[in-house]
Amino acid sequence: YAYASVPTITNLTLPSSSLVGGTQTLARVQISADAAGAIDWSMIKFHVVKTGAAFYMSTTSLSGWSMTDDAGNAIAGAFATTTGDLSMIGNTTGNIMFTPTSLQTIGAASSQIYRLKTSIGGSYSTGDNVQTNILAGTVGHIQSTTSDLASTSAAFVWSDRSVAPHSDTSADWNNDTLIKNIPTDTQSLSY
């Protein structure tokens with residue numbers, strides 16, 4: 001498939017790999033654009049698995065989740081889940097989806113680092129852990145479309161900005177099929 005530019009997603013080292021109470025970074029990823037041109041992205045979905053019944057993550061309202069840049073500045077947007085209650089009190093697995101308020105633009109040959117954070121509480125036992133990664137979508141390649149349609153069952157929605165004027169409704173949006181490093185390796189916090 002031919003695109004004006006393509007993104008690459010790369011896991012970066014977490015600031016801490018220890019499972020402790022408070023606000024923790026579950027995933028730290030770098031999104032890069034090819035030198036051929038800028039890209040936009042409009043949705044990213046993380047798969048979260050926890051072991052241990054005595055600690056919990058976030059709240060059922062998703063208010064405990066945040067997306068920031070690497071300096072800790074909040075990225076405005078909305079969180080949702082495709083798997084029900086993500087309080088993780090009784091749940092051990094969930095998908096957490098972030099949609100930024102404004103399209104995230106990565107310039108040609110540039111990159112941006114993002115951190116997925118949540119509030120963790122409760123008590124911990126040896127071997128308890130949280131594992132986070134980006135899974136591959138379930139649809140396969142689709143013809144470029146609007147960002148809403150591209151997001152169906154996708155883990156990452158992006159655009160090569162090849163249609164002018166470009167917007168979230170222009171027909172240049174794609175899903176995560178063939179994006180380098182998707183699915184990503186797992187990032188872990190352990191007690």
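Since we're looking at a predicted model, the values are computed, not measured.
In plain terms, the two heavy atoms of S147 and S42 that are nearest each other are CB-OG, 3.6 Å. In terms of heavy atoms, V163 sits closest to A171 at CG2-O, 3.8 Å. The shortest non-hydrogen separation linking P7 to I179 is CG-CD1, 3.6 Å. What you find for A27 and F46 is that their closest heavy atoms are CB-CE2, 3.7 Å. Minimum interatomic distance between A35 and A108 (heavy atoms only, all atoms of both residues): O-CB, 3.7 Å. For A4 against S162, the heavy-atom pair with the smallest separation is CB-CB, 4.2 Å.
Note that CG of D185 and CG of N11 are 6.0 Å apart. Values are rounded to the nearest 0.5 Å. For the atom pair Q30 CD and L12 CG, the distance stands at 5.0 Å (nearest 0.5 Å). The CG atom of N175 lies 9.0 Å from the CE atom of M43; values are rounded to the nearest 0.5 Å. Atom-to-atom distance recorded for I39:CD1 and S110:OG is 10.5 Å, nearest 0.5 angstrom. Atom CG in L189 sits 5.5 Å away from atom CD1 in I120 (nearest 0.5 Å). A distance of 10.0 Å separates OG of S159 from CG of D168, quoted to the nearest 0.5 Å.
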Evaluate the criterion side chain to side chain donor-acceptor pair (under 3.5 Å) for residue pair S5 and D160; output intermediate values, then yes/no. CA-CA 5 Å; S5 186; D160 63 357; over 6 Å; no
Go through it in stages, so that I can follow the logic: the residues are Y56 and K50, the test is side-chain contact (heavy atoms from CB on, under 4.5 Å), and I'd like the CA-CA distance, side-chain angles, deciding distance and then a yes or no. CA-CA 9 Å; Y56 56 88; K50 89 173 184 71; 5.7 Å; no
Verdict with reasoning, T93 to H47, per side-chain contact (heavy atoms from CB on, under 4.5 Å): CA-CA 8 Å; T93 302; H47 182 67; 3.2 Å; yes
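Hydrophobic clustering (ILVMFWY, side-chain heavy atoms < 4.5 Å, transitive): F156 and I142 are in distinct clusters. Follow the hydrophobic side-chain contacts under 4.5 Å out from V6 and you reach Y1 in the same cluster. L14 and L19 fall within a single hydrophobic cluster, where Ile, Leu, Val, Met, Phe, Trp and Tyr side chains are chained together by heavy-atom contacts under 4.5 Å. Hydrophobic clustering of Ile, Leu, Val, Met, Phe, Trp and Tyr side chains at less than 4.5 Å, counting indirect connections, keeps L135 apart from V29. If you chain together hydrophobic residues whose side chains sit under 4.5 Å apart, Y191 and F55 fall into the same group.
Using modelled atom types, one side-chain atom of T177 and one backbone atom of G140 make a donor-acceptor pair closer than 3.5 Å. Within the 3.5 Å criterion, the main-chain N or O of T13 finds a donor-acceptor partner in the side chain of R28. Without hydrogens or angle criteria, K45 side chain to A154 main chain gives a donor-acceptor distance under 3.5 Å. Side-chain atoms of W173 come within 3.5 Å of backbone atoms of S167 as a donor-acceptor pair (strictly under, hydrogens ignored). Without hydrogens or angle criteria, T184 side chain to N181 main chain gives no donor-acceptor distance under 3.5 Å.
Side chains of Q187 and L26 form no contact here, defined as non-hydrogen atoms less than 4.5 Å apart. Two residues are said to be in side-chain contact when any heavy atoms from C-beta on lie closer than 4.5 Å; M97 and S151 fail this criterion. Y114 places none of its side-chain heavy atoms less than 4.5 Å from the side chain of I44. Between P100 and W41 there is a side-chain heavy-atom pair separated by less than 4.5 Å. Contact of the H166 side chain with the L103 side chain is registered, since non-hydrogen atoms from C-beta on lie closer than 4.5 Å. Taking the side chain as every heavy atom from C-beta outward, L62 and I96 approach each other to under 4.5 Å. Here the side chains of Q24 and V130 are not in contact, with every heavy-atom distance at 4.5 Å or above.
If you check the side chains of T68 and N73, you find no donor sitting under 3.5 Å from an acceptor. For the residue pair T186/S188, the side-chain donor-acceptor check at 3.5 Å is not satisfied. Between the side chains of Q131 and N129, at least one donor N or O lies within less than 3.5 Å of an accepting N or O.
Between F79 and F98, the angle of the ring planes lies from 30° to 60°, which puts this pair in the tilted group.
A ring-centre distance under 6.0 Å is found for W158 and Y3.
Between R161 and D172, no side-chain nitrogen of the basic residue sits less than 4.0 Å from a carboxylate oxygen of the acidic one, so the salt-bridge criterion is not met.
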